[in-house]
Amino acid sequence: MSTTSAQAVDIPPPGEIVTSPNVSHVTNVPKPAGLETTINTDIAFQGDYAYVGNYGGFSIYDIRDPKRTKVVSSVVCPGSQMDVAVYENLLFTAVDNSRSDDSCTSVAQAATVKESWEGVRIFDVSDKKNPKYIKSVETNCGSHTLTMVPGKGKDRRDVYLYVSSYNPNVTFPDCLPPHDKISVIKVPLRKPTEAAVVSAPVVFPDGGNETQPGLLLPTSGCHDITVYAEKDIAAGACMGDGVLFDISDRENPVITARVTDPNFAFWHSATFNNEGTKVIFTDELGGGGAATCNEATGPNRGADAIYDLRRGRFVFKSYFKIPRYQADTENCVAHNGSLVPVKGRDILVQAWYQGGVSVVDFTDSAHPKEIGFFERGPEPNGGGGGIWSAYYYNGYVYGSDFHNGFDVIKINDRRTDPARSVRLNRLNVQTQASYGERGHGH
């Protein structure tokens with residue numbers, strides 16, 4: 001029997017759940033009314049609640065008892081991608097879709113129209129059953145993703161949002177080339193309605209990687225930024241470039257190291273290890289819509305790249321890609337993940353769209369190894385879908401599935417079990433904090 005047909009036998013029937021022996025599916029909660037036809041995206045956590053973004057708005061889930069996870073409320077407020085971050089009573093949501101205005105009743109409107117709006121919406125979520133939309137902040141080229149950055153010193157009662165956006169066009173009055181910058185929003189926690197853009201630092205003053213063959217898009221800003229605020233550093237996944245920032249001046253992040261890789265098509269997201277001595281970058285080969293986890297694509301293209309940080313420079317160590325081939329109909333790509341907080345080990349849980357959820361031990365940077373997985377068989381009728389974000393929070397893995405809603409997953413393994421003793425009060429995955437500090441959220 002050929003390898004291809006043997007692999008085809010391994011692909012589960014449409015929608016069927018398959019896991020490694022150490023992973024179990026705890027529950028699934030379908031998307032709430034009003035958001036059934038739009039896809040789920042990112043997740044943020046605070047206390048006993050999960051906030052799940054959706055192209056049509058967002059939902060708040062009660063996860064006090066993960067086995068009985070339930071929807072508390074949902075808000076219909078369209079605008080892709082609805083990347084989310086939470087702090088105290090505020091929920092920040094990203095809109096990278098040109099709208100007729102900033103309201104929740106807006107409709108899509110071309111970015112060529114000067115009056116069109118895109119950027120960040122801020123909600124007061126102190127009443128989980130009744131979130132209130134309190135402020136919008138327009139940003140150049142919208143907000144594809146956002147990263148919450150705690151203030152420090154005299155600004156410790158403020159938070160900042162690093163807004164990543166890209167794809168400028170000479171016909172877009174609010175998004176003109178070269179757009180080699182990010183937008184920095186300052187949010188005064190005592191007066192959040194005074195949130196405003198305070199700087200738009202040019203992070204690629206000499207231009208980014210624009211000419212490498214095989215790039216999905218030339219660098220024109222960043223796709224996503226992960227900050228490690230205690231260490232005053234951030235890792236930027238910036239389209240054609242992977243970068244390291246010094247963020248000691250919160251309003252003026254500066255690139256201190258850059259790396260490119262001829263194997264990478266689109267630097268999509270980044271995760272530090274707990275010590276801040278490694279960074280995993282993901283590559284969104286095919287832009288999220290292609291089948292890149294098949295035999296034809298192979299083990300290295302579309303893989304994670306693992307780097308050690310030595311003297312402030314990136315040192316490449318290895319690639320990691322899920323070892324299970326997916327069907328040629330399944331969009332599969334390295335996507336959003338988070339650390340499993342095990343002291344002394346580096347373990348990542350990561351979404352791969354229709355490739356499902358993968359748990360990877362990268363303690364040995366040169367020899368990463370998958371130690372657990374969860375996935376569904378292909379979407380019926382060969383459609384797109386899968387898990388957008390998979391994050392570990394207080395003993396469970398939570399997955400945000402395009403169509404199937406909100407999954408709760410558990411891993412029982414001696415390598416990950418110590419993480420259960422780490423209790424967090426908040427988790428915004430792009431705002432990393434050391435395990436020793438992570439319990440001290442609000």
Side-chain angles (χ1 to χ4, degrees), residues 42 44-47 49 51-54 56-60 72-107 109 114-165 174 181-201 225 227 229 250-253 425-426 428 430-431 441-442:
D42 200 28
F45 302 89
Q46 191 162 241
Y49 298 93
Y51 301 82
V52 179
N54 179 292
F58 67 89
S59 304
I60 303 177
V72 177
S73 63
S74 61
V75 173
V76 175
C77 195
S80 68
Q81 298 181 137
M82 293 299 283
D83 201 26
V84 290
V86 65
Y87 193 85
E88 294 185 354
N89 292 326
L90 301 175
L91 182 72
F92 308 107
T93 68
V95 179
D96 190 26
N97 165 232
S98 190
R99 312 294 298 175
S100 54
D101 57 49
D102 64 354
S103 74
C104 288
T105 55
S106 65
V107 295
Q109 180 169 286
K114 171 67 178 167
E115 291 72 27
S116 295
W117 180 89
E118 52 187 324
V120 173
R121 295 179 179 133
I122 304 175
F123 293 83
D124 183 323
V125 291
S126 47
D127 180 353
K128 305 293 182 286
K129 294 181 179 176
N130 186 29
K132 290 185 169 60
Y133 180 16
I134 61 169
K135 176 69 175 177
S136 73
V137 181
E138 188 169 15
T139 56
N140 290 334
C141 301
S143 177
H144 194 72
T145 63
L146 53 77
T147 303
M148 194 280 295
V149 190
K152 62 181 207 176
K154 65 180 176 56
D155 296 318
R156 65 186 178 278
R157 288 296 301 161
D158 305 313
V159 296
Y160 293 90
L161 303 175
Y162 287 176
V163 173
S164 296
S165 56
D174 295 326
K181 60 188 176 184
I182 64 173
S183 298
V184 179
I185 296 173
K186 185 175 185 177
V187 184
L189 293 172
R190 291 190 179 95
K191 293 185 177 177
T193 54
E194 293 181 6
V197 175
V198 290
S199 65
I225 296 170
V227 300
R250 297 287 195 255
E251 296 184 16
N252 293 287
N425 295 329
R426 181 178 59 248
N428 296 302
Q430 284 77 27
T431 310
H442 295 283

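For clarity, every value in this text was computed on a predicted model and none was experimentally measured.
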Can you tell me how far apart CH2 (Trp117) and OG (Ser98) are? Round to the nearest 0.5 Å.
10.0 Å

All heavy atoms of Pro131 vs all of Val125, minimum pair found to be CB-CG1, 4.1 Å

Could you measure the distance from the CZ atom of Phe123 to the CD1 atom of Ile60? Nearest 0.5 Å is fine.
10.0 Å

Got a donor-acceptor contact below 3.5 angstrom from the Glu88 side chain to the Leu189 backbone?
no

Going by atom types only, do Asp155 and Tyr160 share a side-chain donor-acceptor pair under 3.5 Å?
yes

Give the C-alpha distance, both sets of side-chain angles, the deciding distance and a yes or no for side chain to side chain donor-acceptor pair (under 3.5 Å) between Glu251 and Ser199.
CA-CA 6 Å; Glu251 296 184 16; Ser199 65; 5.2 Å; no

Output yes when a side-chain donor or acceptor of Ser59 lies under 3.5 Å from a complementary backbone atom of Val52, and no otherwise.
no

Looking at every heavy atom in both Tyr133 and Cys104, which two are closest together, and how far apart are they?
CD2-SG, 3.9 Å

Could you walk me through whether Leu161 and Val149 pass side-chain contact (heavy atoms from CB on, under 4.5 Å), step by step?
CA-CA 6 Å; Leu161 303 175; Val149 190; over 6 Å; no

Is a side-chain N or O of Arg121 found less than 3.5 angstrom from the main chain of Val137, in a donor-acceptor match?
no

Under the 6.0 Å and 45° cation-pi test, does Lys128 pair with Tyr49?
yes

Work out which heavy atom in His144 is nearest to a heavy atom in Ala94; give both atom names and the distance.
O-CB, 4.2 Å

Roughly how far, to the nearest 0.5 Å, is CG of Leu146 from OG1 of Thr93?
7.5 Å

Quickly, which of Thr139, Thr147, Thr145 forms a side chain to side chain contact (heavy atoms under 4.5 Å, CB included) with Ser164? Name it, please.
Thr145

Can you see which heavy atom on Thr431 is nearest to which on Pro150, and at what distance?
CG2-CD, 3.9 Å

Rounded to the nearest 0.5 Å, what's the gap from CG on Asp96 to CD on Glu118? Could you check?
5.5 Å

So CD1 of Ile185 and OG of Ser143: to nearest 0.5 Å the spacing works out to 7.0 Å

Take Asp102 and Ser136, measure what side chain to side chain donor-acceptor pair (under 3.5 Å) needs, and give me the verdict at the end.
CA-CA 7 Å; Asp102 64 354; Ser136 73; 2.6 Å; yes

Determine yes or no for a side-chain-to-main-chain donor-acceptor pair under 3.5 angstrom, with Arg157 supplying the side chain and Arg190 the backbone.
no

Any donor-acceptor pair under 3.5 Å linking the side chain of Arg99 with the backbone of Ser106?
yes

From CA spacing to verdict: side-chain contact (heavy atoms from CB on, under 4.5 Å), Leu91, Ile122
CA-CA 6 Å; Leu91 182 72; Ile122 304 175; over 6 Å; no

Indicate yes or no: at least one non-hydrogen side-chain atom of Val184 is less than 4.5 angstrom from one of Val163.
no

Do Lys181 and Pro201 have side-chain heavy atoms sitting under 4.5 Å apart?
no

Centroid separation under 6.0 Å, is that true for the rings of Tyr87 and Phe92?
no

Can you find a heavy atom in the side chain of Pro253 that is under 4.5 Å from one in the side chain of Ile182?
yes

Taking Gln430 for the side chain and Ile225 for the main chain, is one N or O donor matched with an acceptor at less than 3.5 Å?
no

Expected output: side-chain Tyr162 to main-chain Val227 donor-acceptor under 3.5 Å:
no

Between the side chain of Asn428 and the main-chain N/O of Val86, is any donor-acceptor distance below 3.5 Å?
yes

Output yes when Asp158 and Lys186 qualify as a salt bridge under the 4.0 Å nitrogen-oxygen rule, no when they do not.
yes

Quick one: OH on Tyr51 to CZ on Phe58, what's the gap to the nearest 0.5 Å?
9.0 Å

Could Glu138 and Lys114 be called an ion pair, given the rule that one side-chain N must be under 4.0 Å from one carboxylate O?
no

Carefully, step by step, assess Val95 and Met82 under the rule side-chain contact (heavy atoms from CB on, under 4.5 Å).
CA-CA 6 Å; Val95 179; Met82 293 299 283; 4.2 Å; yes

